[in-house]
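Please read all numbers here as calculations on a predicted model, not as lab measurements.
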Amino acid sequence: PILYSYFRSSCSWRVRIALALKGIAYDLVPVNLLKDGGQQFSAEFRAVNPMQQVPALKIDGITLSQSLAIIHYLEDTRPNPRLLPQDPKKKAQVRMIADHIASSIQPLQNLSVLKQMGERKMEWAQNCITSGFQALEEILQHTAGRYCVGDEVSMADLCLVPQVANAERFKVDMAPYTIITRINKDLLELEAFKVSHPSRQPDTPAELQA
């Protein structure tokens with residue numbers, strides 16, 4: 001497998017966690033979203049992913065983009081360890097939380113949107129994340145065990161940790177979100193979350209390396 005990734009991309013981080021949890025070795029091709037006006041806009045990368053976004057994963061003779069689609073494919077083809085519970089209710093809760101983060105929070109504060117916000121980008125990102133986290137904290141009151149849904153790591157957790165990192169980068173006050181904070185802390189103790197961390201990637205700038 002070949003993963004096209006950017007060290008700071010939260011969507012790429014989700015896939016790196018999944019690959020690590022499932023023990024899938026891969027080659028990493030860095031795509032710098034800032035250098036040269038954004039390497040994702042190059043003709044070379046457009047041939048890989050016409051959406052001009054990371055992550056993209058070449059695996060089993062196909063190329064997939066969109067982090068959740070990639071994770072679903074890995075789950076279907078390499079089901080151990082499971083990232084989606086077998087219980088239908090818990091599976092729906094996992095998908096609900098993953099979709100909440102991947103659809104309702106992250107896209108509103110990603111690079112392409114923030115470029116358009118100009119000087120307001122910090123305030124905009126904080127507002128988007130805060131409103132999303134207020135809802136997520138209430139949801140987790142009903143679903144969380146040790147992790148987002150019960151006591152097993154799931155696709156919801158793969159979305160949570162990178163989004164908390166985004167919140168910290170945009171200086172969001174995390175004090176009101178005690179469940180999110182606790183789960184995030186526990187997940188960051190797990191090896192798959194450590195090795196996939198933005199501070200430990202081949203393309204991480206020296207000053208940001210762990």
Side-chain angles (χ1 to χ4, degrees), residues 1-36 38-86 91 94-95 97-99 101-103 106-107 110-112 147-149 152-166 187-206 208-210:
I2 299 173
L3 177 66
Y4 296 82
S5 170
Y6 178 55
F7 81 101
R8 193 173 250 168
S9 156
S10 59
C11 301
S12 297
W13 190 3
R14 296 169 194 161
V15 173
R16 295 197 303 261
I17 299 167
L19 291 165
L21 282 168
K22 290 177 178 291
I24 302 169
Y26 62 94
D27 293 323
L28 189 139
V29 176
V31 180
N32 193 312
L33 303 186
L34 300 177
K35 190 176 178 183
D36 306 325
Q39 293 176 346
Q40 70 274 28
F41 301 121
S42 69
E44 183 184 15
F45 185 67
R46 186 170 188 158
V48 174
N49 181 14
M51 297 186 77
Q52 299 175 298
Q53 298 170 333
V54 291
L57 182 68
K58 287 186 175 179
I59 189 168
D60 300 340
I62 61 171
T63 302
L64 294 169
S65 62
Q66 298 297 331
S67 60
L68 298 193
I70 293 170
I71 294 167
H72 277 298
Y73 178 77
L74 297 176
E75 186 73 357
D76 287 340
T77 58
R78 295 150 175 88
N80 291 313
R82 287 191 169 278
L83 298 177
L84 283 168
Q86 288 184 294
K91 184 186 289 185
V94 166
R95 286 176 165 153
I97 292 167
D99 283 346
I101 295 169
S103 300
Q106 188 276 330
N110 73 5
L111 186 61
S112 61
Y147 304 121
C148 283
V149 178
E152 302 295 325
V153 174
S154 72
M155 190 164 69
D157 301 296
L158 275 56
C159 294
L160 180 85
V161 168
Q163 188 55 55
V164 172
N166 281 351
L187 288 166
L188 285 173
E189 296 295 317
L190 303 177
E191 187 62 21
F193 288 78
K194 290 180 182 177
V195 299
S196 60
H197 195 278
S199 65
R200 295 179 61 174
Q201 299 312 301
D203 58 327
T204 306
L208 296 175
Q209 288 176 7

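Atom CD of Q86 is surrounded by 12 or fewer heavy atoms from other residues, nucleotides or ligands within 6.0 Å. Heavy atoms of other residues, nucleotides or ligands lying less than 6.0 angstrom from CD of Q52 number more than 12.
Between P107 and S103, the shortest heavy-atom distance links the atoms CG-O, 3.5 Å. The two residues P79 and K22 make their nearest non-hydrogen contact at C-NZ, 3.8 Å. Smallest separation of non-hydrogen atoms from Q209 and T204: NE2-O, 3.0 Å. What you find for T63 and V48 is that their closest heavy atoms are CG2-O, 3.6 Å. Q40 approaches V31 most closely through the heavy-atom pair N-CG1, 3.7 Å. Considering every non-hydrogen atom in both I97 and A156, the closest pair reads CG2-CB, 3.7 Å.
With hydrogens and angles ignored, the 3.5 Å screen pairs a side-chain donor or acceptor of E75 with a backbone N or O of L84. A donor-acceptor contact shorter than 3.5 Å links the side chain of D203 to the backbone of F7. Checking side-chain atoms of Q201 against main-chain N and O of S196 turns up a donor-acceptor pair under 3.5 Å.
Here the side chains of L21 and L190 are not in contact, with every heavy-atom distance at 4.5 Å or above. Looking at heavy atoms from C-beta onward, P198 lies in side-chain contact with R16 at the 4.5 angstrom threshold. Looking at heavy atoms from C-beta onward, W13 lies out of side-chain contact with R8 at the 4.5 angstrom threshold. D60 has its side chain within reach of R78: a pair of non-hydrogen atoms, C-beta onward, lies under 4.5 Å apart. Counting only heavy atoms from C-beta outward, the side chains of L187 and V153 approach each other to under 4.5 Å. Side-chain contact between P55 and L3 is present, with heavy atoms from C-beta onward closer than 4.5 Å. Residues Y73 and L57 fail the side-chain proximity criterion, which asks for heavy atoms closer than 4.5 Å. Contact annotation: the side chain of P85 never approaches that of E152 to less than 4.5 Å [non-hydrogen atoms, C-beta and beyond].
Between Y4 and F45, the ring planes lie tilted relative to each other; the angle falls in the 30° to 60° range.
For K58 and D27, the salt-bridge test fails: no basic side-chain N is under 4.0 Å from an acidic carboxylate O.
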